[in-house]
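Down below is the structure, laid out as structure tokens.
Here, residue 1 is the first one in the sequence, and each next residue gets the next number. Since we're looking at a predicted model, the values are computed, not measured.
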Amino acid sequence: MRIGLIAEGGYPYVSGDARLWCDRLVRGLGQHEFDIYALSRSERQEAEGWVPLPPQVGRVRTAPLWTAEDDGVVYGRRARRRFAECYGELVAVLCAGGAMGGSGVCEDASATEADRFGNALYALAELARDEGGLVGALRSEAAVRALERACRARGALSAAREARVPDLLAVTAQVERALRPLSLDWYEDDGLGSVDLCHAASGGSAALPGLLAHHFCDVPLLLTEYGVRLRTHYLAAGGSSPAVRALLAAFHGRLAAETYARATLITPGNGHARRWQERCGADREKLRTVYPGMDATRFAEVGEAPECADPDTLVWVGRVEPAKDLVSLLHAFAEVRKEEPKTRLRIVGTSAGPSGPEGAAYLGHCKALAAQLFPDEAEGPHRVGDNPVSFEEIGGPEIPALADAHASGAVTVLSSVVEGFPIGLVEAMLCGRATVSTDVGAVVEVIGGTGLVVPPRNPRALAEACVALLRDPERRERLGAAARARALELFTVEQNITAFHGIYLEIVSRTPVRRVVLDEAGAPLPFAVPAEAHVPGRWTERPTRLVARGGPARPTAAPVRATALPATEGAR
């Protein structure tokens, strides 16, 4: 079958979210054909280029979310009136209540608001299709005035009524950015209309093309969320004004609810994400938990060797950032040293290093705290100048690979206060290591009784759990073996690919045939119109940026091959 895989800020770019998972999925399902529809997040991401693509990728179409060039579309009087009505209806829903109707709103009223939002969204998409684009209209003064009228209307949210001009401009800009996929020319029979199934790799803007393919062409939509995009928006809005937070929360909540309602199936990556989706309106009958898949072969050598390099060493592995709460870990380690003076702590940063200036500043703060808590010892079990806490990075002479980091200690520690699916914890489990983790995100679900779990921001409890495992090597070995067996059963690439293969077949088998296509012998083909029915040749030789229907298409900054792209790939 032919799959339209839609990603935001990820595959097929070298860097980005879910890039590795998407690449493994596409390579693992070689019996299907994939068309990639990618929304990029930055100019730098585009300049870094693509990963090598397997032969089952039939075409790649890209568009930027980080910029929107003027589409050159000038609306006439009728189109302006139509835009004012559609956009005014959409923002009126946002000002009337949040994603789930707000406190005291009955279910019927909430359902009515959801219908209003969906109708307005698809009306805007139809306007963009008819007129050739929507970018200029969404950035216009008319859009700002429509939002202002909705905020001042009777019955609007109290926070919306307090919105000032800077708030209105900020919300309009954010909504315009999120709705940029409405202006793309991806929704015809030579685009997403020709696939058997749309698979959105995340919610939010990445799901919009899938929603429009379903609306215009009745293509079924599969939504995968390993991190709930709505939750990400909630966390990212902390520094905004109350009016901006309320309006953007309403917008993203309504968009998430519409996506959940129209999706044929939804695959959360863990129970934590699943609970979020249910609370935000997803039908429980549509939810299928599919854990992320990891390559277990990288950890096989370490996992099959029960002995560790140093039985007196604790290891922390991950990206250095405040959410990982290394401060609590360092204070916990100070308590551990009182009970087990020979213990050492290795803090190993991933190859990505600290995440931006904030991460670099946090790393410096942690190093200063370690120097304060553990001044160089003039006597005792360590030589002069030897601090029991070391800060290292993967790729150095002592830790050349990720598996070596976990192998360097007896216990792997996770101290986070915020966590989605704990990838680092699964890596430790595949290495056969006993773990001590904080109870955040999907940690308990992943561990499943094969490690110790303590409350977050509790250094004393973290220290007591670490000491208990350091003093009991037999228990460490039992927990490590059980953890590896659990990880191999639930969290491998093979498990992930098998699950999605079955889901693809299930969705297509339940989807009514949209058209009948015959082969050369006159027998009906089992799936939708094949790619060669529209355009000869392959479409993965060169990326293009599709700005809007009727707008220009130009090459990205990514390296390209010499083979020319078919002319029909550009904007019409």
- Can any side-chain N or O of D23 pair as donor or acceptor with the backbone N or O of P12 at less than 3.5 Å? no

- Looking at F216, does the NZ or CZ of R129 lie under 6.0 angstrom from its six-membered ring centre and within 45 degrees of the ring axis? yes

- Item | Nearest heavy atoms of R180 and P64, plus distance in Å | CD-O, 4.5 Å

- Mind checking what makes ring-ring contact (aromatic ring centres under 6.0 Å, His included) contact with F117, not counting sequence neighbours? none

- Item | Crowding at CD, Q31 (>12 non-hydrogen neighbours, <6.0 Å) | yes

- Please collect all side-chain hydrogen bond (donor to acceptor under 3.5 Å, both in side chains) contacts where either partner lies in residues 199-217, sequence neighbours excluded, each pair once. E126-H215, H199-T224, H199-Y504, S202-R229

- Item | Check: Q45 side chain, S15 main-chain N or O, donor-acceptor pair, under 3.5 Å | yes

- Task: Kindly say whether L255 contributes a backbone atom to a donor-acceptor pair with the side chain of T259 at under 3.5 angstrom?
- Result: yes

- Query: Taking the side chain as C-beta and beyond, is there a heavy-atom pair between R44 and W66 under 4.5 Å?
  - Reply: no

- Message: Whether R254 and E258 form a salt bridge (side-chain N of Lys/Arg under 4.0 Å from carboxylate O of Asp/Glu) is what I want to check.
- Response: no

- Note on the structure: Of all heavy-atom pairs linking L208 and P181, the shortest is CB-CB, 4.1 Å

- Of all heavy-atom pairs linking A38 and W186, the shortest is O-CH2, 3.9 Å

- Message: To check you understand the geometry: which heavy-atom pair defines the closest contact between L179 and L138, and what is its length?
- Response: CB-CD1, 3.9 Å

- Query: Taking only residues two or more places apart in sequence, or in another chain, which ones meet A163 in a side chain to side chain contact (heavy atoms under 4.5 Å, CB included)?
  - Reply: C151, R152, D167, L168, A243

- Query: Is a side-chain donor or acceptor of Q277 paired with a backbone partner of V228 at a separation under 3.5 angstrom?
  - Reply: no

